[in-house]
Each structure stands twice: as structure tokens, then as C-alpha cells.
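Quick caveat: nothing in here was measured; it's all calculated off a predicted structure.
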Amino acid sequence: VDIRRRIELIQDFEMPTVCTKIKVSRDGQYIMAVGTYKPRIRCYDTYQLSQKFERCLDAEVVTFEILSDDYSKIVFLQCDRFVEFHSQQGHYYRTRIPKFGRDFSYHYPSCDLYFVGASSEVFRLNLEQGRFLNSLQTDASENNVCDINPVHFLFATGTAEGKVECWDPRTRNRVGLLDCALSSVTADTEIDCLPSISALKFNGALKMAVGTSTGQVLLYDLRSNNPLIVKDHQYGLPIKSIEFQHQLDLIISADSRIIKMWNKDTGKIFTSMEPEYDINDVCLYPNSGMLMTANEAPKMNIYYMPVLGPAPRWCSFLDNLTEELEENPESTVYDDYKFVTRKDLENLGLAHLIGSTLLRAYMHGFFMDIRLYHKAKMMANPFAYEEYRREKIRQKIEETRAQRVQLKKLPKVNKELALKLIEEEGEEQQLTRKRKQKNMPSLLKDDRFKVMFENPDFQVDEQSEEFRLLNPLVSKTSEKRKKKLKLLLEQEAKEQEEEEEPEGKPSDAESSESSDDEKGWVEEVRKQRKLLRQEEKVKRQERFKEDQQTLLKPQFFEIKEGEEFRSFKDSAKKQKLMKKTLGDRLKLEEKLGTLNVSDTTVGSKQATFRLKK
């Protein structure tokens, strides 16, 4: 199923072990990725949907940059302090920088490469003159990342102390300093160490996003020292990559565990993705909804989200595929959930959870977590497993017995019903032979009704009131059938090898039973009702005898202080009096003489009370 559902856009889009960085050329035709082992770069041609070339390197690549519109000019910063230049045909030149590098940026107007790393200096290499220029001296002990604004070419570097220094390449002077470490700490965040800068990205002329090593992303306007929004990934992992999505005004930030997409104006989460393996880098294909990730795994992942934008021109068929998937949506499958009805919840004592997040309403019941269901079932009936185990053992024993020599036996459940069906089947066979018709399938042999003769829960209760009133004429035939059943049980007890069904003797009563007239039916119903009344009368007499036999123990009551006990009748009268309304109580008091109500000359009423002792 996984192979059938997989869409392989680019053939062999993977690395031998791990992919560390992935980028797209400015013309959108080539995708380049670096990884190990051995250290190498692979270039993929999107027009051919396959790999164009592969080149192995002497050391692992920290980061790289595509200087041209296609793959003809590439610069690699390697972990052994070497900077390697590649042209269209392959390796072109190799030089070394004084300190270990961590990141670099290319300044197009002056053709300068700015290298930052394990040093306070920012090294400048001019590609037009082919020599190093005077370096920029920062206040930091180390610099982790850097970026150049694509509009006004402001150079920014992120330091290990959690600050961002901005430099003007024209005057080579520092023009601004941002303390991001202090701004990233809010009331909700908990940090163990000083946050350093791990990611940096410009957007337009005035916006800049900064990622810290403690998992926060800060969005700045260059005209202000305070961040517009502080977004926490809640994982405490360093931010690896930051991308801007212009169609929906989103910021795509990623640490090694999760990719989050959120609105740059409100900070509201749009969506998030958690790949199976750790993330090293994220690349957004320009002007599309495609996202590529470099992982701690051989396979490089490609994600396509139509809501972010259209598919790239070289894989436009993805739009048609997504439309087909929307037309045929798959139903949600609850693998780890148990469906329960309202009655099941009441039996488990979980009816109070209705309306909470632990239950998902679905059709005539709810879905609940299977672990919660098992826990509640164990608490409601701790011996359910033992009963289930005994039932399974009994079923296994019955299965082994069924493999032995089979004898004609009645089932253990609903034996009388089975006997009735056997008799009816015999009569039908005789009729079909006379009429030369096809025999109908037997109900006993039908798998759909097999459980009715195996599970004791389906046993017909012939003593119930409903059965006796609905089947009044069955009583006479059932007596006949009970005699046959008794004979069969005796034969089974003796374990005779040949067992035959005993045939009843024909009589006038049997012939009269076949003629089911209305008078006989009414008489039988009356008889059954009379029997039911007699049984109920006997039960009442038994309960009355039990009540007489029970001994009543004396009950003692404590009298409140200041009150004089007269009799229990007085307390009963008081309780009855308290239940009455005020008007009824006044009328009663007036009758007793304790209250006198009279009319005054003004028109109002005057009440005179006489207190009791």
C-alpha cells in the first residue's frame, strides 16, 4: 500500500547516509543538496526529473551558496576551514580562511564573500580581485550566522551572546545592535542558558526574523529595538531554518523536530509538520506550495501543500492529483479508539464524560481511547478476564469434541426450539417431495443463526409473561415436545450409538391442536392470564409472610434541649402543618382559637396571637 501511494517526483532524490543542506537555483531548474558519507554534492535537473551530476569532496560541507542563476558557480564552506569554488565543469579553486567557518553570505554589488565563525572577526574575500580584504571587528566572542538584505544590502551577523550586529558594507561601520537574548525571554519561557543566535533571515527592506538556540523566533522591524512578535517552538531546540512565504504572509520556522508555519502579523499557527527523522534544513521552492527538507536520513522529503501555492511548472500534474484526492476523501479510521454507546458508558460509570474532550461523538454513540476503556472496564468488573478465559477454554474444548465422531445431538441452548425446527423441517420435506419442489435451507445449519443455539444469552425464557401471553397455544405442543426432549436426553445420558427421534403417538388431542380456531385461542389466553394472577398472588403472600417474620427493633430519638416530649403524634402533626401554605395554617390557628383576625375601621386587618406554653 505504501508503494502504491508513493509519488516519486525526482528519481534517486536521496543521499547515502545524511543530507545536511538543500537549495534551489534562482532559475528554479536545479535542486542542489550536500550530504555524507562520503562528502558529496548532488545536482538534480527538474526538467528531466532525475540527477544531473554528483561530485565528491574532501571534507564535509558546513554550508554552500549558488552564485549564478544555474549550477555553473557554487561556493562551499567546509569543516576543515577550506573554501572551495566549483564551476560548470567541476572543481575550480580552493583557499583557506584563518578560523573555522560557520556561515557566509555573498554581497553582489562588491563581489565580496563575508565569512563568520569561531572568531570575533568577519572575514571578507573579494572574488573580483581574488584576495582577502580587511576584516570587520565585532564585539562578540563568536559569530554563528549571517545574512545580507536583498534590497539595501545591510549585513547582519548573529553572535553567540544572543545579539545581532548590523554593518554597512559601504562604510564598513556598525550601524545597529539588537539584544535578542533579552527580548526572547518572556513570562512563559523557561531557559537554562543564555540564548545564542542560530538562524537569521531578511524579508524585504525592513523585516528581519531571528532564531535562537532555545527555540524562539523573533520578528523585528529594523526601525525598532523591540520585536514585533516572539514565537516559541516549545521544544527548547535550536532554530535551524527560517523561510518567508509571501502569498499567505507566513513564516516557516524549523528546529530539528518540527516545522511550524505561522502568520507573521498575528503569530497564529497555520499548520505544523513533524517528520519521522530530525531536520537539518528546510527549502521552500519559489512561488509554489512545495517544501523540501534535508533530514538525518538518506531520503530527502518533499511536501506539497496546495493552499500555499500552485505546483511548480515541472510537476504540474500534482494539482490534478490533489483534486482527485479531494473528490474521493478517505473516511477517518479510529485505530486506537473504541466505539461505545450511552448505555455502555453508564455501565462503565463514565457517563459524566459526555461533552468532554475524552469522548468524540459519532452516530449513535461515542469514540473513546482504547486504553481508557480497558482501564474503566477493569475497575467496573475486575474478574471479567477470568470469565472470558474460562469461556474461551470451554469453546476450545467444544471444538476438540466436535472433531470426534459426530452423533445426532440437540444443541445445548434452545433445545426445544431446535426440536421444533427439526419437526417442521421433516414435515416440509414430505410436502416438497409430494409437490416436487426444491428443499429450503435449514435454519439450524445456517451460519447466521448459529450463535442462537450456542450462546446462553439467546436462551428463550418460556416462563416470562410476554412469552406465555404471545404464545398461548404453544403450551400444549410444548408439553408434547418436552416429552420427546426428555426421551432424547435419556438416550444421550446412556450414550447409545444409534439415536433416533421418538415419534409421538397420534391422538384426538393432536388432531384438534392442528385446527387452531379462535375460540381455543381465547380460552388459552384467559387460562394463561388466570395462572399469572395466581402466581402473583402467591408471591404477595410469601412477601407478607416474610414481613411478619421480620422483627422490628426499637428506635431511639434524641430530644432537643428546651423542648418537652409529649408523643410521636405531635411531631407528625407538626410536619404535616409545615407542609401547608401560610393561608391554610392561619385558618387552622383561627379555628383552634390561638389566632384572632378582625377588620379595622380603616379597612385593614388586625391579627391577635396567643402564645402557647
Side-chain angles (χ1 to χ4, degrees), residues 1-15 19-35 41-54 66 69-71 201 203 240-254 257-264 269-333:
V1 175
D2 187 31
I3 293 169
R4 286 203 305 268
R5 289 180 179 176
R6 188 175 62 196
I7 302 169
E8 192 170 358
L9 287 178
I10 301 171
Q11 190 177 358
D12 298 329
F13 195 64
E14 57 186 17
M15 282 286 167
C19 180
T20 54
K21 286 282 180 181
I22 184 167
K23 290 182 186 291
V24 180
S25 62
R26 283 200 294 274
D27 60 3
Q29 184 178 352
Y30 302 100
I31 300 171
M32 297 192 186
V34 294
I41 175 175
R42 285 182 174 176
C43 177
Y44 298 92
D45 190 349
T46 57
Y47 291 176
Q48 304 298 325
L49 298 177
S50 60
Q51 182 178 311
K52 187 172 182 64
F53 64 82
E54 178 185 17
I66 305 170
D69 291 342
D70 54 4
Y71 67 92
K201 186 75 175 178
N203 178 36
K240 293 285 188 81
S241 173
I242 299 174
E243 295 284 345
F244 288 89
Q245 210 277 339
H246 301 288
Q247 280 83 357
L248 298 177
D249 291 334
L250 299 177
I251 294 178
I252 303 171
S253 55
R257 187 170 177 179
I258 192 171
I259 302 170
K260 287 194 175 184
M261 303 181 189
W262 46 282
N263 190 284
K264 66 179 183 181
I269 284 288
F270 180 74
T271 188
S272 60
M273 295 185 295
E274 289 191 53
E276 187 179 356
Y277 301 99
D278 289 348
I279 304 165
N280 289 327
D281 191 25
V282 175
C283 177
L284 183 66
Y285 195 90
N287 303 318
S288 75
M290 183 171 286
L291 194 72
M292 292 171 284
T293 61
N295 312 307
E296 287 288 324
K299 197 76 179 173
M300 293 178 280
N301 293 335
I302 301 177
Y303 299 95
Y304 173 56
M305 288 161 280
V307 70
L308 296 181
R313 188 174 58 181
W314 49 273
C315 59
S316 57
F317 57 87
L318 285 178
D319 288 326
N320 300 329
L321 286 174
T322 51
E323 286 176 7
E324 289 176 7
L325 289 173
E326 287 176 0
E327 289 173 2
N328 302 318
E330 293 184 3
S331 58
T332 307
V333 179

**side chain to side chain contact (heavy atoms under 4.5 Å, CB included) between Met305 and Met273, worked out** = CA-CA 12 Å; Met305 288 161 280; Met273 295 185 295; 4.1 Å; yes
Other residues, nucleotides and ligands only: do more than 12 of their heavy atoms fall within 6.0 Å of [atom1] on [X]?
X	atom1	result
Glu274	CD	yes
Phe270	CZ	yes
Asp69	CG	yes
Arg313	CZ	no

**Request:** Test side chain to side chain contact (heavy atoms under 4.5 Å, CB included) on Val24 and Cys283 and set out the steps.
**Result:** CA-CA 8 Å; Val24 180; Cys283 177; 3.5 Å; yes
Has the side chain of [X] got a donor or acceptor atom that lies under 3.5 Å from a matching backbone atom of [Y]?
X	Y	value
Arg42	Glu14	yes
Asp27	Gln29	yes
Tyr304	Ala311	yes
Asn203	Phe244	no
Asp249	Asn263	no
Thr293	Asn295	no
Gln245	Leu308	yes

**Prompt:** Between Asn280 and Glu296, is a side chain to side chain contact (heavy atoms under 4.5 Å, CB included) present by the stated rule, with each step listed?
**Reply:** CA-CA 7 Å; Asn280 289 327; Glu296 287 288 324; 3.0 Å; yes
Quick check for you: to the nearest 0.5 Å, what is the distance between [X] atom [atom1] and [Y] atom [atom2]?
X	Y	atom1	atom2	answer
Asp70	Asp45	CG	CG	10.5 Å
Glu243	Ser241	CD	OG	4.5 Å
Asp281	Lys240	CG	NZ	9.0 Å
Cys315	Ile302	SG	CD1	8.0 Å
Met261	Ile252	CE	CD1	4.5 Å
Ile41	Met15	CD1	CE	8.0 Å

**Message:** Between Met300 and Ile22, does the side chain to side chain contact (heavy atoms under 4.5 Å, CB included) criterion hold? Intermediate values first, please.
**Reply:** CA-CA 9 Å; Met300 293 178 280; Ile22 184 167; 4.1 Å; yes
**Prompt:** Is a side-chain donor-acceptor pair under 3.5 Å present for Thr271 with Trp262?
**Reply:**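 No - no donor-acceptor pair under 3.5 Å links their side chains.
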**Within-4.5 Å side-chain heavy-atom neighbours: Glu276 and Asn301** = no
**Fill in**
Sequence neighbours excluded, the answer for ring pair (Phe, Tyr, Trp, His ring centres under 6.0 Å) partners of Phe13 is Tyr44
**Asked** For Tyr71, what residues pass the ring pair (Phe, Tyr, Trp, His ring centres under 6.0 Å) criterion, not counting sequence neighbours?
**Response** Tyr30, Phe53
**Prompt:** Which heavy atom of Lys23 sits nearest a heavy atom of Ile66, and at what distance?
**Reply:**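 Closest approach of Lys23 to Ile66, heavy atoms only: CB-CD1, 4.3 Å.
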**Prompt:** If you look at every heavy atom in Trp314 and Gly28, which pair is closest and at what distance?
**Reply:** NE1-O, 4.3 Å
